[in-house]
Amino acid sequence: MTVRVAVLGAGGVARRHVEVLSSLEGVEVVTVADPERARADTLADLAGARACSSVEEALDAGRPDAAYVCVPPFAHGDPERAVIARGLPMFVEKPVGTDLTVARELADLVAAAGLATATGYHWRCSDVLGEVRERLAAAPAYAASGYWLDKRPPVGWWAHTNRSGGQVVEQLTHVVDLARLLLGEVTEVYAAGVRVPASQPVRAHEGDRGDVDDATVATLRFAGGAVASLTATSLLDLKHRAALHLFSRGLVTEVDETGAAFVGADGRTEVTPTEDPKLVVDREFVEVVRGEREAASAPYAEALRSHAVAWSVAESARTGAPVRLDDVLAPAGVAG
Ligand SMILES: NC(=O)c1ccc[n+]([C@@H]2O[C@H](COP(=O)([O-])OP(=O)(O)OC[C@H]3O[C@@H](n4cnc5c(N)ncnc54)[C@H](O)[C@@H]3O)[C@@H](O)[C@H]2O)c1
């Protein structure tokens with residue numbers, strides 16, 4: 001079966017998915033939609049697909065079997081509702097929203113429709129995680145440090161909390177997701193953030209300073225008893241580190257997008273994935289659409305839970321108060 005795909009949003013991450021999908025056997029990108037028509041045209045040309053100005057046109061004209069939602073955080077909602085209304089399997093890029101309101105609504109719609117989903121939490125797709133889990137089963141981690149230490153991304157929406165959700169929601173969320181996968185559910189978070197004073201000159205490449213914090217430090221407690229500290233910063237001129245380090249009795253386990261390392265008294269062992277997780281995440285979704293695989297590594301409901309933790313960290317940094325995940329995820333929780 002050839003899987004026909006509609007791509008909604010034609011920016012940086014959509015290009016990556018189009019390149020990967022085009023490299024897979026039996027997959028055809030049939031339509032690309034973006035309100036910025038020139039972007040849709042460029043990416044559609046690359047894919048040999050039809051360019052569309054609206055999500056509806058892309059979903060109706062192309063007779064797709066599945067859709068990719070590759071819009072910025074603030075634009076989630078209408079594209080997914082259109083996909084769900086047509087009963088199509090759906091891949092959604094992370095984060096699934098800026099806050100929890102739309103994401104919770106969409107999770108309910110997906111569940112009610114029984115749709116197959118996948119999300120852009122591709123760190124889960126690294127095949128080194130099998131060995132990581134085995135080592136952690138033998139030597140459980142009681143503590144962890146997570147990092148997203150980077151420069152500001154060049155997209156205009158990023159600097160504004162109401163458009164990106166902020167750095168924790170937009171970037172550190174990959175590390176949060178991995179921490180949930182390896183340490184279990186988070187019960188409570190506490191965080192603080194800081195901004196460079198307005199009196200400091202804006203550096204040319206920083207562009208729009210917006211309102212996002214320049215650094216956030218958080219403490220997380222997990223249901224199993226483990227604790228973690230997470231640090232995000234966009235103060236740098238290059239990506240310094242995006243990783244999760246886990247601490248067990250006699251063992252440090254370092255995990256990032258490119259592999260894992262195990263450090264103990266007998267030295268350091270590094271392992272790298274046999275396949276790029278960014279490719280695997282798309283192949284998994286195609287297999288789910290074809291019925292060759294039961295579920296993707298990070299279906300929408302899982303993405304919502306990781307997003308809820310990231311949002312709680314941002315909320316704690318904003319209010320100065322700890323946030324309990326039970327309150328956030330309860331049916332009538334603080335996030336509605
Ligand atoms: N998983 C990953 O590794 C990864 C990597 C990069 C980006 N992302 C995520 O992907 C998302 C998009 O990032 P990007 O870098 O591609 O941003 P971008 O700004 O380059 O592209 C987003 C595109 O979506 C379009 N758009 C906005 N509203 C739309 C709508 N309603 N319908 C259709 N298109 C719409 C915009 O015009 C823009 O062209 C972000 O949430 C980002 O966090 C994930």
Side-chain angles (χ1 to χ4, degrees), residues 6-20 31-44 46 49 51-59 62 64 67-83 90-99 102-103 106 118-126 148 150-178 207-208 212 232 234 239 242 256-258 276-282 284-285 296-298 302-303 306-307 310-311 314:
V7 175
L8 313 178
V13 85
R15 171 176 281 263
R16 191 183 86 205
H17 288 299
V18 164
E19 286 170 354
V20 171
T31 48
V32 178
D34 199 296
E36 291 200 32
R37 183 53 195 252
R39 290 188 179 194
D41 287 341
T42 305
L43 195 57
L46 181 76
C52 305
S53 302
S54 78
V55 163
E56 287 71 21
E57 183 189 345
L59 295 176
Y68 270 67
V69 181
C70 298
V71 302
F74 68 87
H76 288 288
D78 285 343
E80 288 94 332
R81 288 185 201 101
V83 176
M90 178 170 75
F91 184 109
V92 182
E93 258 309 338
K94 47 56 61 182
V96 289
T98 50
D99 62 17
V102 168
L106 295 176
T119 60
Y121 286 103
H122 64 266
W123 287 31
R124 285 186 177 226
C125 299
S126 171
W148 198 289
D150 206 344
K151 58 186 185 304
R152 284 180 170 234
V155 282
W157 44 264
W158 196 87
H160 298 272
T161 307
N162 66 354
R163 297 179 80 71
S164 68
Q167 190 183 16
V168 172
V169 164
E170 212 275 329
Q171 293 181 316
L172 187 68
T173 192
H174 279 296
V175 179
V176 168
D177 185 59
L178 188 63
D208 182 356
V212 296
S234 56
K239 191 170 185 178
D256 68 20
E257 224 185 332
T258 64
D276 184 348
K278 289 175 177 161
L279 189 153
V280 178
V281 77
D282 286 336
E284 270 191 359
F285 177 59
S297 292
E302 272 297 294
S306 294
H307 178 55
W311 178 85

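Fair warning: this is a prediction, and the values are worked out from it, not measured in the lab. As the structure lists them, so they are numbered: ligands from 1, and atoms in each ligand from 1.
One distance of note links CG of L172 with CG of D177; it measures 11.0 Å at 0.5 Å rounding.
The shortest separation from a heavy atom of R16 to ligand 1 is under 4.0 Å, placing the residue in contact. Within the 4.0 Å heavy-atom cutoff, V155 counts among the residues contacting ligand 1.
Side chain of D34 to main chain of A40: no donor-acceptor pair is present (N/O by atom type, distance under 3.5 Å, no hydrogens or angles). Side-chain atoms of R39 never come within 3.5 Å of backbone atoms of G9 as a donor-acceptor pair (strictly under, hydrogens ignored).
In this structure, atom 31 (N) of ligand 1 lies nearest to the protein heavy atom P79 CG, 3.8 Å. Among all protein heavy atoms, the one lying closest to atom 37 (O) of ligand 1 is D34 OD1, 2.6 Å. Protein heavy atom in closest approach to atom 20 (O) of ligand 1: G12 N, 3.1 Å. Looking only at heavy atoms of the protein, atom 9 (C) of ligand 1 is closest to K94 O, 3.2 Å. R39 NH1, 3.1 Å is the protein heavy atom nearest to atom 38 (C) of ligand 1. Among all non-hydrogen protein atoms, the one lying nearest atom 11 (C) of ligand 1 is V71 O, 3.4 Å. The protein heavy-atom contact nearest to atom 21 (O) of ligand 1 is G11 CA, 3.2 Å. Protein heavy atom nearest atom 28 (N) of ligand 1, with residue, atom name and distance: A75 CB, 3.5 Å.
Residue Y121 does not touch ligand 1, judged by heavy-atom distances below 4.0 Å. The proximity of H174 to ligand 1, defined as any non-hydrogen pair under 4.0 Å, is limited to the side chain.
Per-residue contacts place P95 under 4.0 angstrom from the following atoms of ligand 1 (heavy atoms of the residue considered): 41 (O), 43 (O). Close contacts of ligand 1 with E170, meaning ligand atoms under 4.0 Å from a residue heavy atom, involve 40 (C), 42 (C), 43 (O). The atoms of ligand 1 that sit less than 4.0 Å from any heavy atom of G120 are 1 (N). Of all atoms in ligand 1, listed by their number and element, those nearer than 4.0 Å to a heavy atom of V55 are 32 (N).
Among V7, V13, V32, the residue whose heavy atom sits closest to atom 14 (P) of ligand 1 is V13. In the candidate list W158, W157, F74, W157 is nearest to atom 17 (O) of ligand 1, counting heavy atoms. Within the set P73, P277, P72, A33, the minimum heavy-atom distance to atom 24 (O) of ligand 1 is found for P72.
The 12-atom threshold is exceeded at CZ of R16, counting heavy atoms of other residues, nucleotides or ligands nearer than 6.0 Å.
Between E170 and W158, the side chains place a donor N or O and an acceptor N or O closer than 3.5 Å (distance only, hydrogens not considered). A donor atom on one side chain and an acceptor atom on the other are found under 3.5 Å apart for H122 and E257. Inspection of the H17 and E93 side chains reveals an N or O donor paired with an N or O acceptor under 3.5 Å.
Aromatic ring centres of H160 and F74 lie farther apart than the 6.0 Å criterion allows.
Taking the six-membered ring where the residue is Trp, Y68 and F285 present perpendicular rings, their angle passing 60° and hence far from 30°.
Residues K278 and V20 are not in side-chain contact: their nearest non-hydrogen atoms beyond the backbone lie 4.5 Å or more apart. Residues P73 and T98 meet the side-chain proximity criterion, which asks for heavy atoms closer than 4.5 Å. Proximity of T173 to Y121: side-chain heavy atoms (C-beta onward) are separated by under 4.5 Å at one or more points.
Checked by distance only, ligand 1 and A14 stay at 3.5 Å or farther apart across all their nitrogen or oxygen atoms.
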